Q: 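Starting off with a structure, shown below.
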Protein chains: 2
Amino acid sequence: MTHLESTSLDLLKLHGLRKTPCRLAVLELFFRERAALSHQNIEQQTQNSNFDRVTIYRTLTTFEEKGILHRVPDLEGQAKYALCSEKCSEHAHHDAHVHFKCQTCEKVLCMEDIPLPETAAPKGYQVKTASFLLEGLCAECNG
Amino acid sequence: MTHLESTSLDLLKLHGLRKTPCRLAVLELFFRERAALSHQNIEQQTQNSNFDRVTIYRTLTTFEEKGILHRVPDLEGQAKYALCSEKCSEHAHHDAHVHFKCQTCEKVLCMEDIPLPETAAPKGYQVKTASFLLEGLCAECNG
DNA sequence: ATTATCTTTGCAACTTAGTTGCAATATTTT
DNA sequence: AAAATATTGCAACTAAGTTGCAAAGATAAT
Ligand SMILES: [Mn+2]
Ligand SMILES: [Mn+2]
Ligand SMILES: [Zn+2]
Ligand SMILES: [Zn+2]
């Protein structure tokens with residue numbers, strides 16, 4: 001059993017989810033890639049396993065509910081997901097960090113270290129959540 | 001000719017676009033509502049005119065290209081559009097402001113007065129554009 | 001190890017968003 | 001009024017996402 005396999009297994013147990021090939025494969029994929037992934041990305045990168053598209057959709061939804069993955073703001077296009085920090089749970093997500101999308105390699109990355117900038121809410125408005133997406137060139141593509 | 005009609009007409013002329021019922025209706029709708037609108041919103045709010053869905057899609061695309069409308073980051077769900085400031089043109093958009101989505105009335109608003117917060121780009125990364133979406137209760141719904 | 005219970009999967013069918021080609025129509029220019 | 005050009009509507013298509021349900025699989029109890 002590889003390292004990623006056992007980490008993934010632990011994560012499933014921790015959240016009371018059954019160990020299934022699709023769930024393990026999806027988790028391992030997220031651990032290997034360190035970027036946000038769309039349903040389509042996952043389908044392509046697990047082609048040989050031939051999981052049903054619906055199963056992958058359901059896996060993503062389940063993981064989001066449990067606090068294993070969070071949705072990442074990818075304007076235009078499909079929903080993307082990324083691994084949550086340990087703070088997240090079934091009850092609440094705590095993924096208030098900046099995200100970065102590279103215009104060259106298209107990767108979307110969580111900048112866990114960059115907190116969301118403080119926001120001057122206009123008077124009368126009550127801000128509950130915020131999301132901040134930067135776009136440009138990632139370290140790799142910037143050269 | 002109402003005020004909105006003539007404003008809309010001017011805008012079409014200014015961008016070298018022909019005056020058509022669909023384009024006028026869509027522009028007037030944007031001037032009346034002051035919120036971002038999706039294709040679906042527009043289709044519903046112009047039902048009696050019975051414009052073809054495809055025509056509405058093309059109208060939105062054209063307006064975006066010309067710098068009349070800009071896309072608004074609405075995570076999940078369909079693309080939304082809002083009126084651009086006068087600075088925008090065929091050649092470049094200049095809509096770097098904060099957007100606000102009300103969790104109650106679902107309206108998405110341009111906060112033209114709130115500029116984007118300065119962003120500490122992580123080293124190695126080159127930031128080119130950014131988008132900041134606040135969510136919560138709008139002034140109306142906050143009561 | 002077998003069985004019972006409860007979860008997850010795969011399939012088929014459906015919905016909604018968005019795109020493309022093309023002929024008919026409307027708008028602008030001459 | 002006719003010619004030139006831009007826009008529309010239709011039909012057909014692709015892609016994303018959802019739902020119901022029966023069969024298969026995982027875990028827990030015996
Ligand atoms: Mn993230
Ligand atoms: Mn705006
Ligand atoms: Zn890159
Ligand atoms: Zn509101």
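Numbered from 1 within each chain, the chains take letters A, B, ... in sequence-line order. What you see is a predicted model, and the numbers here were worked out from it, not measured in a lab.
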Q: Give a yes or no on whether B/Lys66 atom NZ has more than 12 heavy-atom contacts from other residues, nucleotides or ligands under 6.0 Å away.
A: yes
Q: Could you tell me, to 10°, how much the axis swings from one end of the helix from C/dA1-D/dT30 to C/dT30-D/dA1 to the other, five pairs per end?
A: 30°
Q: D/dA15 P sits how many Å from A/Gln44 CD, rounded?
A: 11 Å
Q: Taking the six-membered ring for Trp, are A/Tyr125 and B/Phe100 closer than 6.0 Å centroid to centroid?
A: yes
Q: To the nearest Å, how far apart are A/Lys19 NZ and D/dT27 C1'?
A: 11 Å
Q: Kindly indicate whether the side chain of B/Leu12, heavy atoms from C-beta on, has any atom under 4.5 Å from the side chain of B/Arg18.
A: no
Q: Please report, rounded to the nearest Å, how far the P atom of D/dA6 is from the CG atom of B/Asp52.
A: 21 Å
Q: Within this structure, what is the NE2-to-P distance between A/His39 and D/dA16, rounded to whole angstrom?
A: 9 Å
Q: Using atom CD of B/Gln78 as one end and atom C1' of D/dG17 as the other, report the distance to the nearest whole Å.
A: 12 Å
Q: When you compare the side chain of B/Leu37 with that of B/Val108, does any pair of heavy atoms fall below 4.5 Å?
A: no
Q: Run the side-chain contact (heavy atoms from CB on, under 4.5 Å) test on A/Asp74 and A/Lys101 for me, step by step, so that the C-alpha distance in whole Å, both residues' side-chain angles and the decisive distance to 0.1 Å come before the verdict.
A: CA-CA 8 Å; A/Asp74 183 21; A/Lys101 176 171 187 176; 2.9 Å; yes
Q: Might you work through the salt bridge (Lys or Arg N to Asp or Glu O under 4.0 Å) test for A/Glu64 and A/Arg71, ending with a clear yes or no?
A: CA-CA 7 Å; A/Glu64 189 186 9; A/Arg71 248 167 216 268; 3.3 Å; yes
Q: Can any side-chain N or O of A/Ser38 pair as donor or acceptor with the backbone N or O of A/Asn41 at less than 3.5 Å?
A: yes
Q: If you only use heavy atoms from C-beta on, which nucleotide in C/dA17, D/dT5, C/dT9 is closest to the side chain of A/Cys22?
A: C/dT9
Q: Side chain of B/Thr55, heavy atoms from C-beta onward: which of D/dG9, D/dT5, C/dC11 has the nearest atom to it?
A: D/dG9
Q: Is the distance from the ring center of B/His94 to that of B/His70 below 6.0 Å?
A: no
Q: Starting at CD1 of B/Ile56 and ending at C1' of C/dT16, how long is that distance when rounded to a whole Å?
A: 15 Å
Q: Under 6.0 Å between the ring centres of A/Tyr57 and A/His39?
A: yes
Q: For the pair made of CZ in B/Arg23 and P in C/dA26, what is the distance, rounded to whole Å?
A: 15 Å
Q: How long is the line joining CD of A/Glu65 and C1' of C/dT7, in whole Å?
A: 14 Å
Q: Which nucleotide in the set D/dG17, C/dA17, D/dT7 lies at the smallest distance from any side-chain heavy atom of B/Gln40?
A: C/dA17
Q: Would you please confirm or rule out a distance under 4.0 Å between OP1 or OP2 of D/dA26 and any side-chain N or O of A/Thr20?
A: no
Q: When you compare the protein's N or O atoms with those of nucleotides 19-21 of chain C, which come within less than 3.5 Å of each other, and at what distance?
A:
unit_1, atom_1, unit_2, atom_2, d
C/dG21, O6, B/Arg58, NH1, 3.4

Q: Counting only side-chain N and O atoms of A/Arg18, is one of them less than 4.0 Å from OP1 or OP2 of C/dC6?
A: no
